[in-house]
Amino acid sequence: MKTIEVVAAIIRREDRIFATQRGYGDWKDWWEFPGGKMEPGETPEAALVREIREELSTEICIDKFLTTVDYDYPAFHLTMHCYMCSLTGEAPHLNEHEAARWLSAAELFSVRWLPADEGLLPLIAQELKESCQ
(Lines give C-alpha, C1' and ligand atoms only; values in the text may rest on other atoms or scores of the structure.)
Protein backbone atom coordinates (compact mmCIF):
# COMPACT_ATOMS: atom_id res chain seq x y z
CA MET A 1 0.00 0.00 0.00
CA LYS A 2 1.26 3.46 -0.92
CA THR A 3 2.29 5.70 2.03
CA ILE A 4 1.69 9.45 1.97
CA GLU A 5 3.51 11.60 4.52
CA VAL A 6 1.83 14.87 5.45
CA VAL A 7 1.88 17.60 8.09
CA ALA A 8 -1.06 19.22 9.86
CA ALA A 9 -1.37 22.50 11.76
CA ILE A 10 -3.64 22.59 14.78
CA ILE A 11 -3.92 26.37 14.81
CA ARG A 12 -5.03 27.75 18.12
CA ARG A 13 -6.45 31.14 19.02
CA GLU A 14 -7.17 31.43 22.72
CA ASP A 15 -9.62 28.59 23.51
CA ARG A 16 -10.47 27.72 19.89
CA ILE A 17 -9.01 25.55 17.14
CA PHE A 18 -9.10 26.35 13.40
CA ALA A 19 -10.81 23.71 11.25
CA THR A 20 -11.16 23.69 7.47
CA GLN A 21 -13.66 21.99 5.16
CA ARG A 22 -12.35 20.28 2.04
CA GLY A 23 -13.70 21.64 -1.22
CA TYR A 24 -12.47 18.93 -3.57
CA GLY A 25 -11.75 15.22 -4.07
CA ASP A 26 -13.10 12.02 -2.60
CA TRP A 27 -13.43 13.58 0.85
CA LYS A 28 -15.14 16.80 -0.28
CA ASP A 29 -17.12 18.48 2.54
CA TRP A 30 -15.29 16.60 5.30
CA TRP A 31 -13.36 18.67 7.87
CA GLU A 32 -9.62 18.58 8.49
CA PHE A 33 -6.72 20.44 10.00
CA PRO A 34 -4.87 22.46 7.34
CA GLY A 35 -1.57 21.22 6.00
CA GLY A 36 -0.41 18.93 3.24
CA LYS A 37 2.25 16.76 1.68
CA MET A 38 5.91 17.06 2.49
CA GLU A 39 8.29 17.69 -0.42
CA PRO A 40 11.40 15.48 -0.80
CA GLY A 41 14.13 16.63 1.60
CA GLU A 42 11.79 18.99 3.46
CA THR A 43 11.51 18.91 7.25
CA PRO A 44 7.99 18.58 8.67
CA GLU A 45 8.24 22.08 10.14
CA ALA A 46 9.31 23.66 6.84
CA ALA A 47 6.56 21.78 5.01
CA LEU A 48 3.97 23.02 7.47
CA VAL A 49 4.99 26.67 7.16
CA ARG A 50 4.96 26.35 3.34
CA GLU A 51 1.59 24.56 3.23
CA ILE A 52 -0.10 27.14 5.47
CA ARG A 53 1.25 29.96 3.28
CA GLU A 54 -0.13 28.18 0.19
CA GLU A 55 -3.50 27.13 1.63
CA LEU A 56 -4.31 30.05 3.92
CA SER A 57 -2.05 32.97 2.82
CA THR A 58 -0.85 33.53 6.36
CA GLU A 59 2.10 32.84 8.64
CA ILE A 60 2.24 30.55 11.66
CA CYS A 61 4.47 29.92 14.63
CA ILE A 62 4.95 26.23 15.36
CA ASP A 63 4.50 26.04 19.12
CA LYS A 64 5.09 22.32 19.68
CA PHE A 65 4.92 18.87 18.18
CA LEU A 66 1.68 17.14 19.22
CA THR A 67 1.78 13.64 17.74
CA THR A 68 2.14 11.55 14.58
CA VAL A 69 -0.98 9.78 13.35
CA ASP A 70 -0.80 6.64 11.20
CA TYR A 71 -4.06 5.78 9.47
CA ASP A 72 -4.99 3.32 6.72
CA TYR A 73 -7.40 4.83 4.18
CA PRO A 74 -8.78 2.46 1.52
CA ALA A 75 -6.28 3.59 -1.15
CA PHE A 76 -3.20 4.55 0.91
CA HIS A 77 -1.52 4.67 4.31
CA LEU A 78 -1.30 8.16 5.83
CA THR A 79 1.46 9.30 8.16
CA MET A 80 0.49 12.72 9.52
CA HIS A 81 2.83 14.81 11.71
CA CYS A 82 0.71 17.18 13.81
CA TYR A 83 1.83 20.42 15.44
CA MET A 84 0.16 22.93 17.74
CA CYS A 85 0.53 26.33 16.07
CA SER A 86 -0.51 29.94 16.41
CA LEU A 87 -1.06 32.64 13.81
CA THR A 88 1.59 35.32 13.40
CA GLY A 89 0.24 36.76 10.16
CA GLU A 90 -3.04 37.99 8.78
CA ALA A 91 -6.35 36.21 9.30
CA PRO A 92 -6.44 32.99 7.23
CA HIS A 93 -7.72 33.28 3.66
CA LEU A 94 -9.26 30.12 2.18
CA ASN A 95 -7.39 29.37 -1.06
CA GLU A 96 -8.33 25.66 -1.26
CA HIS A 97 -11.04 25.01 1.33
CA GLU A 98 -14.72 25.83 1.03
CA ALA A 99 -15.29 26.79 4.67
CA ALA A 100 -13.53 27.24 7.99
CA ARG A 101 -14.55 27.55 11.63
CA TRP A 102 -12.93 28.34 14.96
CA LEU A 103 -14.12 25.52 17.23
CA SER A 104 -14.16 25.46 21.03
CA ALA A 105 -13.49 22.22 22.90
CA ALA A 106 -17.26 21.71 23.19
CA GLU A 107 -17.67 22.14 19.42
CA LEU A 108 -14.83 19.86 18.29
CA PHE A 109 -17.19 16.95 17.61
CA SER A 110 -19.80 19.11 15.82
CA VAL A 111 -18.31 18.64 12.33
CA ARG A 112 -17.63 15.53 10.21
CA TRP A 113 -13.85 15.07 10.45
CA LEU A 114 -11.67 13.05 8.13
CA PRO A 115 -10.95 9.77 9.96
CA ALA A 116 -7.25 10.46 10.59
CA ASP A 117 -8.00 13.95 11.92
CA GLU A 118 -10.82 12.73 14.15
CA GLY A 119 -8.34 10.64 16.13
CA LEU A 120 -6.64 13.87 17.26
CA LEU A 121 -9.70 15.33 18.95
CA PRO A 122 -9.14 13.88 22.46
CA LEU A 123 -5.54 15.19 22.45
CA ILE A 124 -6.66 18.61 21.26
CA ALA A 125 -9.44 18.80 23.84
CA GLN A 126 -6.83 18.03 26.50
CA GLU A 127 -4.55 20.77 25.15
CA LEU A 128 -7.39 23.28 25.36
CA LYS A 129 -8.35 22.14 28.85
CA GLU A 130 -4.78 22.34 30.21
CA SER A 131 -4.31 25.89 28.99
CA CYS A 132 -7.48 27.06 30.77
CA GLN A 133 -6.31 25.85 34.17
Separation between CG (Asp117) and SG (Cys82), nearest 0.5 Å, reads 7.0 Å

Distance alone, cut at 3.5 Å: any donor-acceptor contact between the side chains of [X] and [Y]?
X	Y	answer
Ser110	Glu107	no
Thr68	His81	yes
Thr79	Asp70	yes

Ile52 and Gly35 have their tightest heavy-atom pair at CD1-N, 4.3 Å

Do [X] and [Y] sit in the same hydrophobic cluster, where Ile, Leu, Val, Met, Phe, Trp and Tyr count as joined when their side-chain heavy atoms come under 4.5 Å apart?
X	Y	answer
Leu66	Leu128	yes
Met38	Ile4	no
Tyr71	Ile124	yes
Tyr83	Leu78	no
Ile11	Phe65	yes

Hey, is Lys37 close enough to Glu51 for a salt bridge, meaning N to O under 4.0 Å? no

Side-chain ion pair, Glu118 and Arg112, N-O less than 4.0 Å
no

Tell me whether the rings of Trp102 and Phe18 are parallel (<30°), tilted (30 to 60°) or perpendicular (>60°). tilted

Do [X] and [Y] make a side-chain contact, defined as non-hydrogen atoms from C-beta onward lying under 4.5 Å apart?
X	Y	answer
Asp29	Gln21	yes
Thr20	Phe33	no
Asn95	Leu56	no
His97	Glu55	yes
Cys85	Ile10	no
Val7	Met80	no
Arg16	Leu103	no

Test your reading of the model: is there a side-chain donor-acceptor pair from [X] to the backbone of [Y], 3.5 Å cut-off?
X	Y	answer
Tyr73	Ala116	yes
Glu59	Thr88	no
Glu42	Glu39	yes
Asp63	Ser86	yes
Trp113	Leu121	no

inquiry  = For the NZ atom on Lys28, are there more than 12 heavy atoms of other groups (residues, nucleotides or ligands in this structure) within a distance under 6.0 Å?
reply    = yes

task = For His77, look at atom NE2 and say whether over 12 heavy atoms of other residues, nucleotides or ligands are found less than 6.0 Å away.
result = yes

Between Arg22 and Trp30, is NZ or CZ placed under 6.0 angstrom from the six-membered ring centre and within 45° of the ring axis?
no

Of Ile17, Leu123, Ile62, the one forming a side-chain contact (heavy atoms from CB on, under 4.5 Å) with Met84 is Ile17

